[in-house]
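Report on the following structure.
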Amino acid sequence: MKNIRLPLLVLAVALATACSSDNPNSLGNLADPVDIPTSVVSVVLNEVEYLGDRVEIFNEGTTVVDLSGYFLCLGPGTYSQIGTLTVRGDLNIQPGQYVVVTYDMATDAGGLGLYFNDSDFSDATTMADFVQWGATGSPREGVAIEAGLWPVGDFVPVSGDSDNSLVYDGEGETAGDWSESTTTTFGQENVPTAPQ
């Protein structure tokens, strides 16, 4: 009996040591809730003055996001780093806060992408959010579709009134989650008011 107990004791000590080690693949650390990430990084386009030059970005996540390295892009050659634009608000955007940037669009049909960086605007993994209005087929639509941020051929209908903006309802990734509004609410919660 002693010969069997000694190997079992050695095995038990080895398992206990492995489970309490600093090895991230050990069972002990996988069950430890401290090692499970709890913060969510999620910034979205929230309001777009499509015939003007204002874009509002909202932090719907649970952690502060530095927007200075993010980019806005309408298509090839029409991109700008957010940190170089005129900004109203703090680029270190807190959860639940808004930032308004000046980015000249002035187009009654287009698609605007929000990108994590400028490594490759055609790479779906670099796109954080997207909205398309007026017509289908904008230059970045395919990237948004591949990223799962926009459905094929979807766009927000617009009236072409320069006083209006596009507002997001905070719910999904389709044109139905956006509407044209006669009430602009840059820097605060959206109040959709349908044009006549």
Side-chain angles (χ1 to χ4, degrees), residues 40-63 65-85 87 89 91 93 95-160 164-181 184-187 189-190 192:
V40 176
V41 174
S42 181
V43 290
V44 295
L45 298 168
N46 195 60
E47 185 167 0
V48 175
E49 192 174 52
Y50 67 96
L51 287 176
D53 62 3
R54 289 183 292 179
V55 176
E56 179 184 77
I57 300 166
F58 178 66
N59 184 349
E60 64 178 12
T62 60
T63 189
V65 177
D66 179 2
L67 289 177
S68 61
Y70 280 61
F71 278 74
L72 292 172
C73 181
L74 284 167
T78 57
Y79 54 86
S80 293
Q81 185 174 5
I82 291 175
T84 66
L85 299 173
V87 177
L91 284 179
I93 185 172
Q97 296 298 308
Y98 305 88
V99 169
V100 180
V101 298
T102 301
Y103 176 69
D104 188 27
M105 288 168 292
T107 179
D108 57 1
L112 180 63
L114 174 64
Y115 286 81
F116 298 112
N117 57 53
D118 66 340
S119 63
D120 184 354
F121 292 118
S122 63
D123 179 357
T125 65
T126 64
M127 185 179 272
D129 201 16
F130 180 81
V131 62
Q132 180 169 249
W133 63 91
T136 188
S138 67
R140 298 299 178 213
E141 179 186 23
V143 181
I145 292 165
E146 184 181 341
L149 297 172
W150 201 255
V152 176
D154 209 2
F155 65 92
V156 183
V158 292
S159 66
N164 297 348
S165 65
L166 303 176
V167 294
Y168 178 54
D169 69 8
E171 296 297 320
E173 304 291 351
T174 71
D177 299 305
W178 286 83
S179 59
E180 183 176 20
S181 179
T184 59
T185 54
F186 290 98
E189 187 175 342
N190 292 336

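Judged by distance alone, the side chain of Asp154 and the main-chain N or O of Thr174 form no donor-acceptor pair under 3.5 Å. Counting only distance, with no hydrogens or angles, the side chain of Thr126 and the backbone of Asp120 share a donor-acceptor pair below 3.5 Å. A donor-acceptor pair is defined here as one N or O able to donate and one able to accept, closer than 3.5 Å; no such pair exists between the side chain of Asp118 and the backbone of Phe71. Under a 3.5 Å cut-off, the side chain of Asp66 and the backbone N or O of Ser68 do form a donor-acceptor pair.
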Notebook entry, point to check: Going through the distances and angles, do Leu114 and Leu72 end up as a side-chain contact (heavy atoms from CB on, under 4.5 Å)?
Noted result: CA-CA 5 Å; Leu114 174 64; Leu72 292 172; 3.9 Å; yes
Notebook entry, point to check: Should Leu85 and Val55 be marked as a side-chain contact (heavy atoms from CB on, under 4.5 Å) after you check the CA-CA gap, both sets of side-chain angles, and the distance that decides it?
Noted result: CA-CA 11 Å; Leu85 299 173; Val55 176; over 6 Å; no
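Tyr50 is listed as a side-chain neighbour of Glu180, based on a closest heavy-atom distance under 4.5 Å. No side-chain heavy atom of Val158 sits under 4.5 Å from any side-chain heavy atom of Asn164.
Applying the side-chain contact (heavy atoms from CB on, under 4.5 Å) rule to Thr125 yields the partners Asp123; only residues at least two apart in sequence or on another chain are considered.
Ring geometry for Phe121 against Tyr79 counts as tilted: the plane angle lies between 30° and 60°, on a 0 to 90° scale. Using a 30° and 60° split on the angle between ring planes, Trp150 and Phe130 fall in the perpendicular class, above 60°.
For Glu141 and Thr136, the side-chain atoms include at least one donor-acceptor pair closer than 3.5 Å. Residues Asn59 and Gln97 have side chains that never bring a donor and an acceptor to within less than 3.5 angstrom of each other.
Ring centroid separation for the pair Tyr168 and Trp178 comes in under the 6.0 Å cut-off. Aromatic rings from Tyr115 and Tyr70 are positioned such that their centres are separated by 6.0 Å or more.
Here the closest heavy-atom approach between residue Thr185 and residue Glu56 is recorded as O-OE2, 3.4 Å. Taking each heavy atom of Gly110 and Ser138 in turn, the nearest pair found is C-CB, 3.8 Å.
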